[in-house]
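Notes to accompany the following structure.
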Amino acid sequence: MSLSRYKGYTTIEQLKESEGKEVTLRGWVYNLRGKGKLQFIILRDGTGICQCVLFQSNVSEEIFQNGKLLTQESSVMITGKVVPTDKAPGGFEIDVTNLEIVTLAKDYPITPKEHGDAFLLEHRHLWLRSSRQHAIMRVRSAVVKAIRDFFDGNGFKLMDSPILTPNACEGTSTLFETQYFDLGKAYLSQSGQLYAEASAMALGRVYTFGPTFRAERSKTRKHLTEFWMVEPEMAFFDLNDDMDLAEDLVEYIVKFVLKTCQQELKTLERDTTMLEKVVRPFHRMSYSEAVEWLQKNKIPLITKVDGKEVETEFPWGEDFGSTQEEAIMEQFDKPCIIHRYPTEVKAFYMKRDPDNEKVVLAMDMLGPEKAGELIGGSQREDNYDLLLERIKHENLPEEEFQWYLDLRKYGSVTHSGFGLGVERTVKWITGAQHIREVIPFPRMIYRIVP
RNA sequence: UCCUGAGUAGCUCAGCUGGUUAGAGCAUCUGACUGUUAAUCAGAGGGUCCGCGGUUCAAGUCCGUGCUCAGGAGCCA
């Protein structure tokens, strides 16, 4: 006899191992169809969905009457024989011999019919139970596992960065502010990168994996105020190594999901032909080549002058907006890396290209199918004086960055890294309409509950 | 922060150029049914038409204003 009773519990996921045997399932009523002396109970247990059939003639009158009392999302324990059938989703159904009500639910708000986004978000704590959200969460879990497996299997060590930080990391986006004891203001981290750099100098190849916070007042289907990001950082990697690693990672994630989540992708009605094309090498072009392409294809820069939209030929030096990124990506069926952006539009810590002072060794990976930016990364400035100059130029507090400058003082080496947005990746792979669907409890500008 | 759009039953929505008692489907409740797949059939209950003010003989509908929400820009993963 096993010491742990739970190890004997049967889940719907493992039903085929119990064909012909009597099992007990523990779960919730997903849906019901009454048919007089016959009752169909669609049961979900977190691992899957299974049809249970309750015949009046097979059970006691009490059990049958209990079956008639059931409501959507009531919790139950159902015992019965596992019977193969093609009439039930999943290929098996339970011929019920016993049914025990755990708790009856009353007036479950999310019915099997359609609902609007606002209503579903207000009921996010319950929405997670529905099959589509359930499938997305399982894919998310697989994506996270793929990321961890990939790094752990390639000599990387997990070195998490602090979430409370004394200053703005990149000095650009708006941060959440809080009072930190007697030491003044602290901010919720918008990136673990600077700490990852210090970690890489200690352990060689590292990655941080955690939540990150942006207080931008964004209202779009690809932004969250709290999201998860994985950030590898590697000593002795130049920009090319960085781009190769980014491609390897994304290819690995997609392959892993295709291998382990076929059922989920089917539930989501995701056409996987595009995902199957995600094989190295990906497309690559420099920023300058991309600008040439935009000019040749007459994709303009749209600016507002006195409230009116003005279209001009896209000039070199301007950062790409979603109009430009989407136009470029429309021609591709797998991700594309754009590298070597103008120095002025990128962060202070990026290393300038020795062959062209006007650009930095930065790279962004854009996904196909309107996935947007999946990755942003760069080779870091490793020269003490140049980095200090950039910090001064951006008016960043020099004292706060002293420890960061130290990394260039004591055995500085070429190093690179990038950040991959977990939700952006899951949104792309699942084909979800909105990024809020791919994180269990989304945090957005006008929504913090539940 | 700027631009655009929306708010009518528990949910999703219809409601025309202002006009009697505001509708439908689903959900809920009652009843029928031994193979349902968003089951079907018969019946019942269910409304602060987002709030406030105005125009009018008459406002869900027109005007003003406030609130809430959505998605697009910017920012980025």
Side-chain angles (χ1 to χ4, degrees), chain A residues 30-42 49 51-58 64 68 71-73 83 85-90 93 95 105-123 130-131 169-175 190-193 210-231 246 250 302-304 307-309 319-323 325-326 345-347 364-367 371-377 418-428 433-436 438-439 444-447:
Chain A
Y30 190 67
N31 203 1
L32 286 159
R33 280 184 282 275
K35 193 79 178 72
K37 292 170 181 164
L38 173 65
Q39 180 91 341
F40 295 97
I41 302 159
I42 315 302
I49 282 185
Q51 172 167 289
C52 303
V53 191
L54 185 64
F55 281 100
Q56 189 168 31
S57 54
N58 289 4
F64 188 74
K68 295 211 123 183
T71 53
Q72 194 190 354
E73 289 302 322
V83 185
T85 172
D86 40 359
K87 287 178 191 164
E93 66 181 19
D95 204 352
K106 196 169 179 285
D107 298 329
Y108 185 70
I110 304 178
T111 61
K113 278 277 181 168
E114 65 209 287
H115 296 282
D117 296 337
F119 178 81
L120 290 170
L121 276 177
E122 275 158 30
H123 296 86
S130 61
S131 61
C169 166
E170 299 183 19
T172 50
S173 67
T174 323
L175 303 186
Q190 59 159 338
S191 166
Q193 184 209 311
T212 181
F213 308 87
R214 306 275 164 95
E216 294 292 339
R217 301 178 80 83
S218 304
K219 284 192 68 164
T220 81
R221 58 183 76 194
K222 37 183 184 187
H223 287 88
L224 290 164
T225 56
E226 178 182 314
F227 64 96
W228 285 69
M229 184 156 71
V230 60
E231 294 175 281
V250 171
I302 299 165
T303 44
K304 276 206 170 165
K308 282 183 186 172
E309 288 193 349
D319 203 1
F320 296 147
S322 46
T323 319
E325 289 182 353
E326 275 179 30
V345 304
K346 287 292 180 183
D364 283 353
M365 186 191 289
L366 307 179
E373 233 175 288
L374 301 171
I375 282 177
F418 61 82
L420 172 127
V422 171
E423 287 78 16
R424 291 262 175 99
T425 305
V426 177
K427 177 177 181 283
W428 165 46
Q433 286 302 299
H434 199 297
I435 199 161
R436 65 191 162 201
V438 307
I439 185 166
M444 296 173 300
I445 177 166
Y446 293 130
R447 198 177 288 283

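Just so you know, these numbers come straight off a predicted model, no measurement behind them. The sequence lines fix the lettering, A, B, ..., with proteins before strands; numbering per chain opens at 1.
- In this structure, Thr71(A) contributes its side chain and Lys106(A) its backbone to no donor-acceptor pair below 3.5 Å.
- In this structure, Gln72(A) places its CD atom 10 Å from P of A27(B), rounding to the nearest Å.
- Counting heavy atoms from C-beta on, the side chains of Leu32(A) and Phe40(A) never come closer than 4.5 Å.
- Residue contacts for Leu374(A): at a heavy-atom cut-off of 4.0 Å it reaches the sugar-phosphate backbone alone, with no base atom in range.
- A residue-by-residue look at Thr71(A) and Leu120(A) shows that Leu120(A) has its nearest nucleotide of RNA chain B further toward the 5' end.
- The gap from the C1' atom of A9(B) to that of G60(B) amounts to 14 Å, rounded to the nearest Å.
- Rounded to whole Å, atom P of U36(B) lies 17 Å from atom NZ of Lys37(A).
- Side chain of Arg424(A) to main chain of Gly372(A): no donor-acceptor pair is present (N/O by atom type, distance under 3.5 Å, no hydrogens or angles).
- Nucleotides U34(B) and G71(B) are separated by 47 Å at their P atoms, to the nearest Å.
- Leu38(A) places its CG atom 9 Å from the P atom of U36(B), with the value rounded to the nearest Å.
- Within the nucleic acid shown, Gly34(A) comes within 4.0 Å of at least one base atom, counting heavy atoms only.
- Using modelled atom types, no side-chain atom of Ser218(A) and backbone atom of Thr220(A) make a donor-acceptor pair closer than 3.5 Å.
- Separation of the P atoms belonging to G7(B) and A14(B) is 7 Å when rounded to the nearest angstrom.
- Glu93(A) comes within contact range of at least one nucleobase, with a heavy-atom separation under 4.0 Å.
- With a 3.5 Å ceiling on both atom-pair distances, C33(B) lacks any Watson-Crick or G-U wobble partner.
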When you check every protein heavy atom under 4.0 Å of nucleotides 69-74 of chain B, what one-letter string (B, S, -) results, 5' to 3'?
SBBBBB
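- Base pairing analysis places U1(B) opposite A73(B); the two distances defining the Watson-Crick or G-U wobble pair are each below 3.5 Å.
- The pair Lys346(A)-Asp364(A) meets the salt-bridge criterion, with a side-chain N (NZ, NE, NH1 or NH2) lying under 4.0 Å from an Asp/Glu carboxylate O.
- Atom-to-atom, CG of Asn31(A) to C1' of C26(B) comes out at 12 Å; the value is rounded to the nearest Å.
- A straight line from CH2 of Trp428(A) to P of A77(B) spans 17 Å, rounded to a whole angstrom.
- Looking at which nucleotide of RNA chain B each of Ile42(A) and Glu325(A) is closest to, the 5′-most match is held by Ile42(A).
- As rounded to the nearest Å, A42(B) and A27(B) have P atoms that lie 14 Å from one another.
- C16(B) and U61(B) are spaced 11 Å apart, taking the P atom of each and rounding to whole Å.
- Note on ring orientation: taking the six-membered ring where Trp is involved, the planes of Phe119(A) and His123(A) are tilted (angle from 30° to 60°).
- Separating the NZ atom of Lys87(A) from the P atom of U36(B) is a distance of 7 Å, rounded to the nearest angstrom.
- Between the Arg214(A) side chain and the Gln190(A) main chain, a donor and an acceptor come within less than 3.5 Å of each other.
- The distance from atom CZ of Phe64(A) to atom P of C33(B) is 10 Å, rounded to the nearest whole Å.
- No side-chain donor-acceptor contact under 3.5 Å links Tyr446(A) to the backbone of Lys219(A).
- Nucleic acid contact class of Asp364(A) (heavy atoms, under 4.0 Å, all strands): none.
- With hydrogens and angles ignored, a donor-acceptor pair closer than 3.5 Å exists between the side chain of Gln51(A) and the base of U36(B).
- Rounded to a whole angstrom, the distance from the C1' atom of A24(B) to that of C76(B) is 45 Å.
- When both distances must be under 3.5 Å, the Watson-Crick or G-U wobble mate of C62(B) is G54(B).
- For Glu423(A) (side chain) and Trp228(A) (main-chain N/O), a donor-acceptor pair under 3.5 Å exists by modelled atom type.
- The separation of U56(B) from G18(B), taken at their C1' atoms, amounts to 9 Å, rounded to a whole angstrom.
- Between Lys68(A) atom NZ and U36(B) atom C1' the separation is 14 Å, expressed in whole Å.
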Give me the distances for all protein-to-nucleotides 4-11 of chain B N/O pairs that come in under 3.5 Å?
{"from": "C11(B)", "atom 1": "O2'", "to": "Glu114(A)", "atom 2": "O", "distance (Å)": "3.1"}
{"from": "C11(B)", "atom 1": "O2'", "to": "His115(A)", "atom 2": "ND1", "distance (Å)": "2.5"}

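- Side-chain polar atoms of Glu231(A) and Ser191(A) form a donor-acceptor pair below 3.5 angstrom.
- Base pairing of A6(B) is made with U68(B), judged by Watson-Crick or G-U wobble geometry with both donor-acceptor distances under 3.5 Å.
- G5(B) sits 38 Å from A44(B) when the C1' atoms are compared, rounded to a whole Å.
- The closest side-chain heavy-atom distance from Ile110(A) to His115(A) is below 4.5 Å.
- Judged by ring centres under 5.5 Å apart and planes tilted less than 30 degrees, Phe227(A) stacks against the six-membered base ring of A77(B).
- Contact of the Gln39(A) side chain with the Ile41(A) side chain is registered, since non-hydrogen atoms from C-beta on lie closer than 4.5 Å.
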